[in-house]
Amino acid sequence: VPASKSTRATSAPGSDAGRGLEKASHMKWKMVLPSPTSFALCCSLVAVFAAGKYEPNWDSLMTRPLPEWFDEAKIGIFLHWGVYSVPSFGNEWYWYFHDSLRDHNVVAFHNRTYGYRFKYPEFGPMFTAELFNPDEWAKIFKDAGARYVVLTSKHHEGFTLWCSKESFNWNACDIGPKRNLVEDLTKSVRRAGLRMGLYHSMFEWYHPLFQQDKANNFNTRRYVDEVYYPQAIELNTLYKPDLIWSDGDGGGNSSYWRAPELLAWLYNDGAGTADKVVVNDRWGVDNPPIASGHHHGGYFNGDDQQTANPDLLRHKWESAFTVDTGGAWGYARNRALDNLLDARALLHRVISAVAYGGNVLIDIGPTHDGRIALIFQQRLRELGTWLRVNGEAIYSTVKWRAQNDTASHGPRAGIYYTASKGDSPTVYAHMMAWPQDGRLMLTQPQPTNGTVVRMLGCGVPMSFEKSASGSGMVVVIPPLAPPQLPSAEGPWVFSLKGVGWERSPPPESHPERIVV
């Protein structure tokens with residue numbers, strides 16, 4: 001093993017084109033015994049596996065029930081924050097687009113703004129976070145109706161937002177903010193009564209040990225053993241996150257990443273979080289497609305910007321998506337207003353995901369100096385205002401037997417269904433657009449003698465009729481003055497108590513609508 005403490009340079013790492021971090025030139029090789037820390041870690045892992053319920057293989061790990069809090073929470077906030085927040089141009093892959101892809105727009109912007117000699121690691125000291133107020137952030141998220149928060153503890157650039165022992169001089173404690181951002185936000189989020197999750201990138205674009213393993217077709221595993229795995233243990237031990245959002249396999253499979261081993265350690269209470277910790281499904285390139293029925297992980301993320309579809313009905317899933325539709329998860333200064341989701345589009349993403357049994361993780365990118373941009377605050381405030389009226393139709397709900405009701409759907413068209421838990425659930429019909437004649441046709445709920453209909457947030461009684469065809473029902477909406485409406489823009493939610501289910505098959509013309 002290297003005799004030097006770290007393969008990273010002792011100053012901010014340089015970046016030759018396509019390389020990034022420098023490999024220490026003074027590295028010498030000699031035989032050494034395992035360090036006391038790594039020896040203790042190895043022994044603790046052996047003890048956990050010997051006494052644990054879960055074995056480090058996917059068959060065993062997939063038998064673990066998902067902690068209930070996650071399904072009940074429904075709404076999360078995603079924060080992509082790092083050194084890439086300094087140039088804040090394009091997206092958080094700025095370094096890779098500049099050094100490896102040589103993207104014309106990124107290279108041109110970089111050269112005219114910073115000069116062609118300016119290397120990406122020189123942005124590190126400029127990531128200052130001087131305006132970062134974690135209590136203020138936590139309040140914004142709570143007021144938005146979020147129940148959990150996920151912060152990028154480390155993205156693919158390798159810069160850690162905590163004082164990582166495996167990221168010498170390339171972390172928020174040594175340079176830039178000179179503070180432990182993970183610790184500070186974790187404390188504030190939990191004081192606000194929310195759950196705290198951490199995104200953790202497995203690979204790093206330009207770490208020499210990862211590049212070496214990749215060049216060896218992943219037949220060596222030095223990067224995992226010396227960097228990634230100790231970091232993962234450290235993160236979970238120090239901050240005990242409620243959720244681990246894994247990402248970035250870099251072409252390696254789950255065995256290379258020691259993913260089953262890590263999850264067995266977590267599930268067997270190695271970090272003291274077995275009763276609450278939730279993980280996603282990004283643990284290696286060998287994960288089969290969700291539709292195969294053999295996909296593995298905790299809950300399923302699927303693709304970035306994952307939207308609802310019938311393949312997701314069989315397992316708990318999450319739609320992680322950006323308010324910035326231009327392709328940036330981190331803050332991008334060059335984004336136009338038209339590139340941002342409006343409130344209706346944001347609510348459609350929330351409602352459609354929950355109707356299909358999913359959660360939503362809504363991404364916003366903070367600025368390099370620690371602010372949440374006002375336009376993002378406005379979108380979150382609009383979300384929170386809607387949820388304060390209609391939250392009973394979202395939180396702790398389950399997917400109903402039909403997920404939606406109309407052949408047309410979107411931010412301004414269609415009906416989605418959610419339901420409360422129990423043998424006689426209340427069904428919630430989410431109306432995305434106001435019917436011109438004030439008559440809302442619902443084909444799936446079947447009215448009974450005990451049916452009661454009301455619009456959430458509206459005190460005016462609603463009436464209903466059985467449809468002329470005998471299938472479904474029609475909600476008759478009386479004339480309403482603007483002050484009587486919970487929202488002028490919608491969506492509007494109707495609570496349907498005491499309804500049955502119309503068992504006619506859905507039209508084949510609408511693949512998103514499915515009955516289970």
Side-chain angles (χ1 to χ4, degrees), residues 69-70 72-82 85 88 127-153 161-162 172 176-199 238-243 245 276 278 318-324 328-332 340-343 346-347 349-350 354 359-396 457 486-487:
W69 75 261
F70 184 71
E72 295 181 344
K74 304 300 186 197
I75 312 290
I77 301 296
F78 210 178
L79 301 168
H80 276 67
W81 198 29
S85 305
S88 56
F127 176 56
T128 49
E130 70 268 24
L131 298 177
F132 173 49
N133 184 333
D135 288 341
E136 181 180 278
W137 282 23
K139 184 179 186 304
I140 291 171
F141 305 148
K142 185 171 184 176
D143 290 347
R147 297 290 174 85
Y148 61 103
V149 177
V150 178
L151 171 69
T152 49
S153 66
L161 302 193
W162 83 99
K178 302 289 183 70
R179 65 188 287 190
N180 191 327
L181 303 176
V182 168
E183 181 177 67
D184 291 351
L185 186 60
T186 296
K187 289 179 178 178
S188 293
V189 163
R190 286 179 169 156
R191 277 197 300 266
L194 309 180
R195 300 272 184 170
M196 184 65 191
L198 295 175
Y199 168 109
L238 289 178
Y239 309 112
K240 302 189 182 305
D242 300 275
L243 187 154
W245 215 99
K276 68 172 185 176
V278 172
E318 176 190 70
S319 173
F321 65 90
T322 56
V323 173
D324 180 343
W329 295 78
Y331 182 68
L340 304 180
L341 292 177
D342 62 23
L346 175 60
L347 287 168
R349 295 295 299 265
V350 171
V354 174
N359 282 18
V360 291
L361 188 61
I362 304 165
D363 179 80
I364 57 174
T367 62
H368 78 284
D369 54 4
R371 293 174 292 113
I372 305 295
L374 293 179
I375 189 64
F376 291 147
Q377 290 190 43
Q378 181 183 17
R379 291 293 180 270
L380 294 181
R381 182 172 293 183
E382 291 166 331
L383 172 64
T385 298
W386 187 87
L387 284 168
R388 279 189 287 277
V389 173
N390 301 290
E392 71 173 78
I394 297 293
Y395 303 118
S396 301
S487 167

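Side chain of Arg190 to backbone of Arg195: no donor-acceptor contact under 3.5 angstrom is found. Here the side chain of Ser85 pairs a donor or acceptor atom with the backbone of Gly82 at under 3.5 angstrom. The backbone N or O of Phe70 lies less than 3.5 Å from a partner atom in the side chain of Asn359, making a donor-acceptor pair. Side chain of Trp81 to backbone of Gly365: no donor-acceptor contact under 3.5 angstrom is found. The closest donor-acceptor contact from the side chain of Trp69 to the backbone of Lys276 lies under 3.5 Å. When atom types are taken as modelled, the side chain of Thr128 and the backbone of Pro177 share no donor-acceptor pair closer than 3.5 angstrom.
Ile362 pairs by the side chain to side chain contact (heavy atoms under 4.5 Å, CB included) definition with Ile75, Ile77, Phe321, Val323, Leu346, Val350, Val360, Leu383, not counting sequence neighbours.
Atom OH in Tyr199 sits 13.0 Å away from atom CG in Leu79 (nearest 0.5 Å). Arg191 contributes atom CZ, which lies 4.5 Å from atom CG of Asp135 (distance to the nearest 0.5 angstrom). The structure places OH of Tyr331 at 9.0 Å from CG of Asp369, a figure rounded to the nearest 0.5 Å. Annotation: the span from Thr186 atom OG1 to Leu194 atom CG amounts to 11.5 Å, rounded to 0.5 Å. The CZ atom of Arg381 sits 8.5 Å away from the CD1 atom of Ile140 when rounded to the nearest 0.5 Å. Here Ile364 contributes atom CD1 and Leu380 contributes atom CG; the two are 5.0 Å apart, rounded to the nearest 0.5 Å.
Between Asn180 and Tyr239, the side chains place a donor N or O and an acceptor N or O closer than 3.5 Å (distance only, hydrogens not considered).
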Decide side chain to side chain contact (heavy atoms under 4.5 Å, CB included) for Leu243 and Leu198; before the verdict, give the C-alpha distance in whole Å, the side-chain angles of both, and the deciding distance to 0.1 Å. CA-CA 6 Å; Leu243 187 154; Leu198 295 175; over 6 Å; no
Could you go through Leu181 and Arg179, starting from their C-alpha distance and side-chain angles, then the distance that decides it, and tell me whether this counts as side chain to side chain contact (heavy atoms under 4.5 Å, CB included)? CA-CA 6 Å; Leu181 303 176; Arg179 65 188 287 190; 3.5 Å; yes
Might you work through the side chain to side chain contact (heavy atoms under 4.5 Å, CB included) test for Glu72 and Arg147, ending with a clear yes or no? CA-CA 9 Å; Glu72 295 181 344; Arg147 297 290 174 85; over 6 Å; no
Begin with the C-alpha distance, continue with both residues' side-chain angles, and end with the deciding distance and a verdict on side chain to side chain contact (heavy atoms under 4.5 Å, CB included) for Ser88 and His368. CA-CA 8 Å; Ser88 56; His368 78 284; over 6 Å; no
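Enclosure of atom NZ in Lys187 is not indicated, since only 12 or fewer non-hydrogen atoms of other residues, nucleotides or ligands lie within 6.0 angstrom.
Contact of the Arg349 side chain with the Ser319 side chain is registered, since non-hydrogen atoms from C-beta on lie closer than 4.5 Å. Using a 4.5 Å cut-off on side-chain heavy atoms (C-beta onward), Met196 and Val150 make no contact. Between Val278 and Asp242 there is no side-chain heavy-atom pair separated by less than 4.5 Å. Looking at heavy atoms from C-beta onward, Val354 lies out of side-chain contact with Tyr395 at the 4.5 angstrom threshold.
Note: Trp329 and His80 have tilted aromatic rings, judged against thresholds of 30 and 60 degrees for the angle between ring planes. Taking the six-membered ring where the residue is Trp, Phe78 and Trp245 present tilted rings, their angle falling between 30° and 60°. Note: Phe132 and Trp137 have perpendicular aromatic rings, judged against thresholds of 30 and 60 degrees for the angle between ring planes.
Minimum interatomic distance between Gly457 and Pro486 (heavy atoms only, all atoms of both residues): O-CB, 3.9 Å.
Between Arg388 and Asp143, no side-chain nitrogen of the basic residue sits less than 4.0 Å from a carboxylate oxygen of the acidic one, so the salt-bridge criterion is not met. Note on Glu136 versus Lys139: no salt bridge recorded, every NZ/NE/NH1/NH2 to OD/OE distance being 4.0 Å or above.
With Val189 as the fixed residue, the side chain to side chain contact (heavy atoms under 4.5 Å, CB included) test singles out one of Val149, Leu151, Asp184: Val149.
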